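Since the structure is predicted, the reported quantities are computational estimates derived from the model, not experimental observations.
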2 protein chains.
Amino acid sequence: MAQSAVADDVFYALSNSTRRRVLEQLSTGPATVSELAAPFDMRLPSFVQHLSVLEQSRLVKSKKRGRVRTYELAPERFKVAENWLSERRREWEARLDRFDEYVKQLKEKESAS
Amino acid sequence: MAQSAVADDVFYALSNSTRRRVLEQLSTGPATVSELAAPFDMRLPSFVQHLSVLEQSRLVKSKKRGRVRTYELAPERFKVAENWLSERRREWEARLDRFDEYVKQLKEKESAS
DNA sequence: CCAATACTTAGGTCAAGGCCTAAGTAATTA
DNA sequence: TAATTACTTAGGCCTTGACCTAAGTATTGG
């Protein structure tokens, strides 16, 4: 899968507040489907779709023991989003620094005249 | 607008690779609609929809002078995504630290017995 | 072993997303 | 002022997304 497709999946998974709330919950530790579903006013099959989106994006992973499926965070994939964002920030800040430098030099020339 | 709806918009805007490429381009400086569209094999009206998604999310802003519309990055909104992600990281790292501490104490008790 | 539990599968509705063509409008340029 | 440029608007097509109900399967507790 192309790098950008991974980012598509990750950002898409993050674009829904139900899914983000699940990730918030899982940040505090593993949980079962029922536990995760409890806070939401949504039928289980609908909710489980969200879990499957999260799992496909690999932001979480799950394991089934007996009839209980337990989810946990898979922190690695978060880096895809974090890295993309910090790369953008790096880029625009570098540009703004160059602009500041440019303005500074303009001023120096001005005061020298 | 609720905080989560803002995050919905931001992450949704970021979930498409065309839109991310536009943001990458804009990280290096402002650009017009035609300049931004040039690299893409897509009809202008379709492309412009992506720009409007970006603008609605407030990740970018634009201004029209004459017949030319110029876009630029609006860095502030990126923080919504950055903050959400760093908050999750903070949370799960705190948890893993607690777990390490727990394991460490287990080992101490063990060696004391 | 029977019922309850914890999901899972199948399939349906409706809105939104991403692309298109065709036809505008407004600002510039020749 | 006529043509070109730089978008913009309108509307259509098809797929995907987010929800639902109904019915299934596989454990497990009584």
Side-chain angles (χ1 to χ4, degrees), chain A residues 1-2 4-26 29-72 81, chain B residues 1-2 4-26 29-72 81:
Chain A
M1 183 150 56
S4 72
V6 173
D8 282 11
D9 286 356
V10 167
F11 283 118
Y12 170 69
L14 294 173
S15 73
N16 176 285
S17 73
T18 298
R19 290 192 293 263
R20 284 198 310 282
R21 282 172 64 196
V22 167
L23 294 172
E24 286 163 17
Q25 173 66 40
L26 289 177
T32 69
V33 171
S34 313
E35 285 165 356
L36 290 169
F40 296 94
D41 183 20
M42 193 184 294
R43 300 296 167 168
L44 198 61
S46 310
F47 181 74
V48 165
Q49 277 197 330
H50 286 299
L51 294 179
S52 109
V53 168
L54 287 171
E55 193 155 20
Q56 277 171 46
S57 75
R58 304 214 211 161
L59 289 165
V60 306
K61 56 187 178 184
S62 75
K63 230 176 214 169
K64 195 161 184 176
R65 290 197 42 154
R67 63 190 169 181
V68 177
R69 182 176 293 279
T70 300
Y71 276 88
E72 64 177 310
Chain B
M1 183 150 58
S4 72
V6 172
D8 282 11
D9 287 355
V10 168
F11 282 117
Y12 170 69
L14 294 173
S15 73
N16 177 283
S17 73
T18 298
R19 289 192 294 263
R20 283 198 310 282
R21 282 172 63 195
V22 168
L23 293 172
E24 285 163 19
Q25 173 66 40
L26 290 177
T32 69
V33 172
S34 314
E35 286 164 356
L36 291 169
F40 295 95
D41 182 20
M42 194 185 293
R43 302 293 168 171
L44 198 60
S46 310
F47 181 74
V48 166
Q49 275 196 329
H50 286 298
L51 293 179
S52 108
V53 168
L54 287 171
E55 193 155 20
Q56 277 171 46
S57 75
R58 304 213 213 164
L59 288 166
V60 306
K61 57 186 179 183
S62 75
K63 228 176 213 168
K64 195 162 184 175
R65 291 198 41 154
R67 62 188 170 180
V68 177
R69 183 175 293 278
T70 300
Y71 277 88
E72 63 176 310

(request) Could you please spell out the steps behind the salt bridge (charged side-chain N to carboxylate O under 4.0 Å, His left out) verdict for B:Arg20 and A:Asp8? (result) CA-CA 9 Å; B:Arg20 283 198 310 282; A:Asp8 282 11; 2.8 Å; yes

(message) Run the side-chain contact (heavy atoms from CB on, under 4.5 Å) test on B:Tyr12 and A:Asn16 for me, step by step, so that the C-alpha distance in whole Å, both residues' side-chain angles and the decisive distance to 0.1 Å come before the verdict.
(response) CA-CA 8 Å; B:Tyr12 170 69; A:Asn16 176 285; over 6 Å; no

(message) Before you tell me yes or no, could you show the steps for B:Ser62 and B:Glu55 under side-chain contact (heavy atoms from CB on, under 4.5 Å), namely the whole-Å CA-CA distance, both residues' side-chain angles and the distance that decides it to 0.1 Å?
(response) CA-CA 8 Å; B:Ser62 75; B:Glu55 193 155 20; 2.9 Å; yes

(request) Report the C-alpha separation of A:Leu14 and A:Leu23 in whole Å, then their side-chain angles, then the decisive distance to 0.1 Å, and conclude whether the side-chain contact (heavy atoms from CB on, under 4.5 Å) test is met. (result) CA-CA 9 Å; A:Leu14 294 173; A:Leu23 294 172; 3.5 Å; yes

(request) Evaluate the side-chain contact (heavy atoms from CB on, under 4.5 Å) criterion for residues B:Leu36 and B:Gln25: first the C-alpha distance (whole Å), next the side-chain angles of each, then the deciding distance (0.1 Å), finally the verdict. (result) CA-CA 7 Å; B:Leu36 291 169; B:Gln25 173 66 40; 3.5 Å; yes

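Put simply, A:Asn16 has a side-chain N or O that comes within less than 4.0 Å of OP1 or OP2 on D:dA18. An OP1 or OP2 oxygen of D:dT5 is reached within less than 4.0 angstrom by no side-chain nitrogen or oxygen of B:Ser34.
For B:Val33, the side chain to side chain contact (heavy atoms under 4.5 Å, CB included) partners at least two apart in sequence or on another chain are B:Leu44, B:Val48, B:Leu51, B:Arg69, B:Tyr71. Listed by chain and residue number, B:Pro30, B:Thr32, B:Val68 satisfy the side chain to side chain contact (heavy atoms under 4.5 Å, CB included) test with B:Thr70 (two or more places apart in sequence, or in another chain).
The distance from atom NZ of B:Lys63 to atom C1' of D:dC7 is 19 Å, rounded to the nearest whole Å. Whole-Å rounding puts the A:Phe11 CZ to D:dG17 P distance at 17 Å. Protein atom CG of B:Asp8 is 13 Å distant from nucleotide atom C1' of D:dA18, rounded to whole Å.
Across all strands shown, A:Arg43 has heavy atoms under 4.0 Å from base atoms, whether or not it also approaches the sugar-phosphate.
Only A:Leu44, A:Pro45, listed by number, bring a heavy atom of residues 44-53 of chain A to less than 4.0 angstrom from any atom of DNA chain C.
Atom CE of B:Met42 and atom NE2 of B:His50 lie 4.0 Å apart (nearest 0.5 Å). Taking CG of B:Leu54 as the reference point, atom CG of B:Leu26 lies at 8.0 Å (rounded to 0.5 Å).
When each of A:Met42 and A:Tyr12 is assigned the nucleotide of DNA chain D bearing its nearest heavy atom, the one mapping closer to the 5' terminus is A:Tyr12. Residue-to-nucleotide proximity on DNA chain C shows that, of A:Thr32 and B:Asp41, the 5′-proximal contact is made by A:Thr32.
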Write down the protein N/O and nucleotide N/O pairs, taken from nucleotides 27-30 of chain D, whose separation is under 3.5 Å; answer none if there are no such pairs.
residue: D:dT27; atom: O2; partner: A:Arg67; partner atom: NH1; Å: 2.7

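The side-chain hydrogen bond (donor to acceptor under 3.5 Å, both in side chains) pairs that include a residue from residues 38-48 of chain A number zero, where partners must be two or more places apart or lie in different chains.
Geometrically, B:Arg19 does not engage A:Phe11 in a cation-pi contact defined by less than 6.0 Å to the ring centre and at most 45° from the axis.
Of all nucleotides in DNA chain C, those with any atom nearer than 4.0 Å to a heavy atom of chain A start and finish, going 5' to 3', at C:dA4 to C:dT9.
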